[in-house]
Amino acid sequence: MAKLVRTHSAALHGIEAVHVEIEVNALGGAGEMDGLVTIVGLPDAAVRESRERVKSAIFSCGYKAPRGSTIINLAPADLKKEGAAFDLPIALAMIAAADGVESSQLTETMILGELALNGAVRSVRGVLPAALTARKESQIRNLIVPAGNAQEAAIVAGDLNVYPVESLTDAISVLQGTVAPMPPEAGAAFREPDWSGCPDFADVKGQAAAKRALEIAAAGGHNVLFIGPPGSGKSMLAKRLPGILPPMTIEETLETSKIHSILGLLPPGEPLLKARPFRSPHHTVSDAGLLGGGTNPQPGEISLAHNGVLFLDELPEFKRNVLEVLRLPLENGEVSVCRASGSFVFPSDFILIAAMNPCPCGHLGDTRHRCRCRSLQIQQYRSKISGPLLDRIDLHVEVSALTEDELVSVPAGETSEQIRQRVLSAREIQEYRFRADRNPVRCNAQMQSGHFQRFCQLTTSMQTMLRHAIQQFGLSARAYDRILRVARTIADLAGSEEIRQEHLFEAIGFRSLDRS
């Protein structure tokens, strides 16, 4: 006689988890159909192969699978299911269909986990968004997850009972009511930010202009381009930016951690990211690797850098089509990926730090090395970066090679802690300024045209200065807006309510590539 058992799991769809109902129907029968398991509902190869893993795990743990043929349906049927997270719920439902365990608990439980052949439960990707989805479903009261993902689930579980399991036998014990759920306080992982792993600005020799640019970038969320010879410290400076950024809010932490959870990139034993991400993809990355994509699209590097820093070293070495996909994300803070399976929107609000040499050999302007590049070579090298992309980079900074005295001297600059305090003060000013907006922005880099009239008013002499710069350097309207945003940030760092002439002059000075 047929027996139908239902339980719940979740499938990843972009950066969200979609509720999936798992139906196991043990039809019975014998003969050539005996032991046949059929999985329907758009399963991928990993899901189809779960039949063999599940059978082996069930028998290894001393339980029985249904006799005869069994049909497993993953609903909704038109959503593609990927990965091995369905192993554990399928196994539990099959055991229940064979009357090996009471099935009433299964109807109010969401289950995730990959099974080893001996019944051990392995960690899976995307538990954090799955727990968020489970919390929204009124019929789900329990959440069974691999022990390695337990804290990740508990942090957002709310009123759900979270049960960490290490084996199929542990999961059976949960359904039998012999295991207590994880205590609620186990999910209290929102802690103070940890900057101990961030390199310190105190280690940087010289480069006062570059450090000033990074302070402005951190205070206002601006993008930076370093131009300088090899070994001048461009990468060293970029890696220190996360150490002066303000700590993430709870919302930012959850949003950023969810993206990393989907790709299985959360640090071991850490349910949430404690520091802003720093991503530095190699220049051979594809446009899909940077933007996101795939048959079932997943976030790319720019989404992994969401709420953090994206560092592109050797910028002209990136393929032109790869760089051009950065335009809309830099402008809108999100990226839309369209595929046959649907349209996906991934968040990508990051600070871009890019670095490049001044010429192909890298020694243009270096007094200690002779540049052997011809003018045409230099022009072709720089033309790899389009004007529209340069327009979206607020600060162009020339990083010169260190002198002999600077190289042998002991670093005597400010620490990251000292710079971070000024950045936090400037961010507090911006938070207070934009708090009354209907759609509040978080920093000056996100200001729109309506904000300029209210917060970036210029005197007649400053308007003349800016008009002269536009004429002399051929600035675009976007570059004009970027100058005003940077000037507003410089004024905030100085604690000034109004933009002064020296603030505007410094902001214009950071458009070096426009001048050249």
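What's counted below: heavy atoms across the whole structure, side chains too, no hydrogens, waters or symmetry copies.
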*Can any side-chain N or O of Q448 pair as donor or acceptor with the backbone N or O of V441 at less than 3.5 Å?*
no
*Provide the full list of salt bridge (charged side-chain N to carboxylate O under 4.0 Å, His left out) pairs with a residue in residues 298-313, sequence neighbours left out, each pair given once.*
R279-E301
*Derivation of the side-chain contact (heavy atoms from CB on, under 4.5 Å) call for S50 and R53*: CA-CA 5 Å; S50 69; R53 291 192 297 272; 3.6 Å; yes
*Would you find a donor on one side and an acceptor on the other, under 3.5 Å apart, between the side chain of K81 and the backbone of L74?*
yes
*D492: what forms a salt bridge (Lys or Arg N to Asp or Glu O under 4.0 Å) with it, not counting sequence neighbours?*
R433, R488
_If the condition is side-chain hydrogen bond (donor to acceptor under 3.5 Å, both in side chains), which residues does R442 pass it with, not counting sequence neighbours?_
E252, N307, D349
*asked:* Check whether T7 reaches the backbone of I22 with its side chain - one donor and one acceptor, N or O, closer than 3.5 Å.
replied: no
*Would you sort out whether E506 and R212 count as a side-chain contact (heavy atoms from CB on, under 4.5 Å), showing the intermediate values?*
CA-CA 11 Å; E506 184 178 4; R212 171 65 173 170; 2.9 Å; yes
*asked:* Please report the interatomic distance CE(M182) to CG(L160), rounded to the nearest 0.5 Å.
replied: 13.0 Å
*Plane angle bin for F455 and F434 - parallel if under 30°, tilted between 30 and 60°, otherwise perpendicular*: perpendicular
_Nearest-0.5 Å distance, CD of residue E21 to OG1 of residue T107_ = 9.5 Å
*Any side-chain heavy atom of I353 within less than 4.5 Å of one from F226?*
yes
*asked:* Would the distance check show the side chain of Q453 and the main-chain N or O of S449 forming a donor-acceptor pair, the cut-off being under 3.5 Å?
replied: no
*Okay, side chain of N149, backbone of V145: is any donor-acceptor separation there less than 3.5 Å?*
no
_Nearest non-hydrogen partners of I302 and P329, listed with the distance_ = CD1-CG, 3.7 Å
_Minimum heavy-atom distance between I351 and A217, given as atom pair plus value_ = CD1-O, 3.8 Å
*pair I216-V224: side-chain heavy atoms closer than 4.5 Å*: no
*asked:* I need the R485 CZ to L395 CG distance, nearest 0.5 Å.
replied: 12.5 Å
*salt bridge (Lys or Arg N to Asp or Glu O under 4.0 Å) between R392 and E324: does it pass, once the steps are laid out?*
CA-CA 11 Å; R392 290 167 169 83; E324 292 309 301; over 6 Å; no
*asked:* Under a 3.5 Å cutoff, is there a donor and acceptor pairing between the side chains of H222 and T489?
replied: yes
_Going by salt bridge (Lys or Arg N to Asp or Glu O under 4.0 Å), name the residues that satisfy it together with K258, two or more places apart in sequence or in a different chain._
E16
*Expected output: side-chain R240 to main-chain S235 donor-acceptor under 3.5 Å*: no
*asked:* Looking at every non-hydrogen atom in both residues, tell me the closest pair between S416 and P199 and how far apart they are.
replied: OG-O, 3.7 Å
_With S348 via side-chain hydrogen bond (donor to acceptor under 3.5 Å, both in side chains) - residues at least two apart_ = none
_Under the rule for salt bridge (Lys or Arg N to Asp or Glu O under 4.0 Å), what residues qualify as partners of E23, not counting sequence neighbours?_
R6
*Side-chain donor or acceptor of D87 paired with backbone N/O of L115 under 3.5 Å*: yes
*State, yes or no, whether a side-chain contact exists between L290 and F318 at a heavy-atom distance under 4.5 Å.*
no
_Rounded to the nearest 0.5 Å, what separates atom CG in L315 from atom CD1 in I393?_
6.0 Å
*Check side-chain hydrogen bond (donor to acceptor under 3.5 Å, both in side chains) between S336 and all other residues, then give those that pass, not counting sequence neighbours.*
none
*Matching residue for I15 among S261, P297, P299 - test: side chain to side chain contact (heavy atoms under 4.5 Å, CB included)*: P299
*Which heavy atom in A275 sits nearest to a heavy atom in M248, and how many Å separate them?*
O-CE, 3.6 Å
*asked:* Please list all pairs meeting ring pair (Phe, Tyr, Trp, His ring centres under 6.0 Å) that have one or both residues in residues 127-169, counting only residues at least two apart or in different chains.
replied: none
*If every non-hydrogen atom of P246 is compared with every non-hydrogen atom of L424, which pair is closest and at what distance?*
CB-CD2, 3.5 Å
*Are the side chains of R427 and C443 in touch, meaning some heavy atoms are under 4.5 Å apart?*
yes
*Using ring pair (Phe, Tyr, Trp, His ring centres under 6.0 Å) as the criterion, list what pairs up with H306, not counting sequence neighbours.*
none
Check: residues 136-143 side-chain donor-acceptor pairs under 3.5 Å, at least two apart:
| residue | atom | partner | partner atom | Å |
| --- | --- | --- | --- | --- |
| N142 | OD1 | N161 | ND2 | 3.1 |
| N142 | ND2 | T109 | OG1 | 3.4 |

*Heavy-atom pair with the smallest gap, counting every atom of E166 and A147*: CG-CB, 3.6 Å
*Ignoring hydrogens and angles, tell me if any N or O in the side chain of N223 forms a donor-acceptor pair with the backbone of L352 under 3.5 Å.*
yes
*Any side-chain heavy-atom pair from D391 and R511 closer than 4.5 angstrom?*
yes
*asked:* In the structure I gave you, are the side-chain heavy atoms of F201 and L214 within less than 4.5 Å of one another anywhere?
replied: yes
*Quick check: does any side chain N or O of R135 sit under 3.5 Å from a backbone N or O of A157, one acting as donor and the other as acceptor?*
no
*Please identify each residue that fulfils salt bridge (Lys or Arg N to Asp or Glu O under 4.0 Å) with D44, with sequence neighbours left out.*
none
*Could you please spell out the steps behind the side-chain contact (heavy atoms from CB on, under 4.5 Å) verdict for D170 and V121?*
CA-CA 9 Å; D170 292 344; V121 176; over 6 Å; no
*Report yes if the side chains of P271 and L128 come closer than 4.5 Å at any heavy-atom pair, otherwise no.*
no
*Only pairs at least two apart or in different chains count here, so list each salt bridge (charged side-chain N to carboxylate O under 4.0 Å, His left out) that has a residue in residues 413-425.*
E215-R422, E414-R422, E417-R420
*Could you state the interatomic distance from CG (L266) to CD (Q151), rounded to the nearest 0.5 Å?*
11.5 Å
*Side chains of L112 and F86: closer than 4.5 Å at any heavy-atom pair?*
no
*Whether S496 side chain and I499 backbone form a donor-acceptor pair below 3.5 Å*: no
*Just do the side-chain contact (heavy atoms from CB on, under 4.5 Å) check on S303 and V335 with the steps written out, would you?*
CA-CA 8 Å; S303 294; V335 56; 4.1 Å; yes
